[in-house]
Amino acid sequence: MLPVAPRPFEDEALGSWIGRLAGRYGIAVEQLDRDYELGLARTGPLGWLQPGPLSEHTQARLERLARISRDTISSLVVEAKRGPTRHALYCRKCVFLNPLEVESPYWKREWLSPEALMCRVHRVRLTAMPASRARYSINMPKLILQVSKHERKLRDSTR
């Protein structure tokens, strides 16, 4: 059991919450997975951000580790995208500003949906970032840094 475990946000993706959990302790999702024998399937195009289906063992370990219900964990799961994806989609307004907890940016489940094109809140087209930036970021805070770099690159290319 971890001394402190952030609660998942209502519309948060499972990988985002796990990435925030690892980030809380300054470790990689890979280390969290290994140290707590979670058995996460992190081999998809987005790596830990969109882990594969959770086994009973993994759900039970997460439930004990963070002291949250299995129903809460199950509600965070997004059906895997069909076919390979080359991009991680996000809303450039939502990703940096979490109105519930300013210091905790997170990845919304809807951005991982196969049908995702627009932000429901801001009604803007989602921004595409190379999937490799998500896959190679070690936890959620590092992924947010990658999003910042990607945004700077996009801004600089339009000047």
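Within a 6.0 Å sphere centred on CZ of R70, other residues, nucleotides and ligands contribute more than 12 heavy atoms.
You'll find the side chain of P105 stays beyond 4.5 Å of the side chain of V95, heavy atoms only.
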Atom pairs and distances, side-chain donor-acceptor, residues 134-144, under 3.5 Å, sequence neighbours left out:
unit_1 : atom_1 : unit_2 : atom_2 : d
R135   : NH1    : P45    : O      : 2.4
S137   : OG     : R133   : O      : 2.5
N139   : OD1    : K142   : N      : 3.1
N139   : ND2    : I27    : O      : 2.9

Could you pull out all donor-acceptor pairs under 3.5 Å where a side-chain atom in residues 13-25 meets a protein atom, sequence neighbours excluded?
unit_1 : atom_1 : unit_2 : atom_2 : d
S16    : OG     : E12    : OE2    : 2.7
S16    : OG     : W107   : N      : 2.8
W17    : NE1    : P6     : O      : 2.7
R20    : NE     : E12    : OE2    : 2.8
R20    : NH2    : R7     : O      : 2.8
R20    : NH2    : E12    : OE1    : 3.0
Y25    : OH     : V4     : N      : 2.8
Y25    : OH     : V4     : O      : 2.6

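Taking both residues in full, the closest heavy atoms of C91 and H122 are given as SG-ND1, 3.5 Å, listed atom of the first, atom of the second, then distance. Closest approach of R109 and V77 over heavy atoms only: CD-O, 4.0 Å. Closest of all the heavy-atom pairs between A128 and H150 is O-NE2, 3.0 Å. Minimum heavy-atom separation, I68 to E63: O-CG, 2.9 Å. Nearest heavy-atom pair across G39 and T58 is O-OG1, 3.3 Å. In this structure, K108 and C94 approach most closely via the heavy-atom pair NZ-SG, 3.4 Å.
E37 is linked by a salt bridge (Lys or Arg N to Asp or Glu O under 4.0 Å) to nothing, counting only residues two or more places apart in sequence or in another chain.
For the atom pair CE of M1 and CG of L65, the computed distance is 9.0 Å after rounding to the nearest 0.5 Å. Atoms OG and CD, on S75 and E10 in that order, are 8.5 Å from each other to the nearest 0.5 Å. Rounding to the nearest 0.5 angstrom, the gap separating the CG atom in L2 from the CG atom in D35 is 10.0 Å. Of the inter-residue distances, the one linking Q59 atom CD with D71 atom CG reads 9.0 Å to the nearest 0.5 angstrom. Rounding to the nearest 0.5 Å places NZ of K149 at 12.0 Å from NZ of K153. Distance check, rounded to the nearest 0.5 Å: OH of Y90 to CD of E151 gives 3.5 Å.
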### Task
Begin with the C-alpha distance, continue with both residues' side-chain angles, and end with the deciding distance and a verdict on side chain to side chain contact (heavy atoms under 4.5 Å, CB included) for R92 and L154.
CA-CA 11 Å; R92 52 186 2 155; L154 291 174; 3.3 Å; yes

#### Entry: From CA spacing to verdict: side chain to side chain contact (heavy atoms under 4.5 Å, CB included), W48, L40
CA-CA 8 Å; W48 59 264; L40 293 171; 5.9 Å; no

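Under the 4.5 Å side-chain heavy-atom criterion for grouping Ile, Leu, Val, Met, Phe, Trp and Tyr, F96 is connected to L89 within one hydrophobic cluster.
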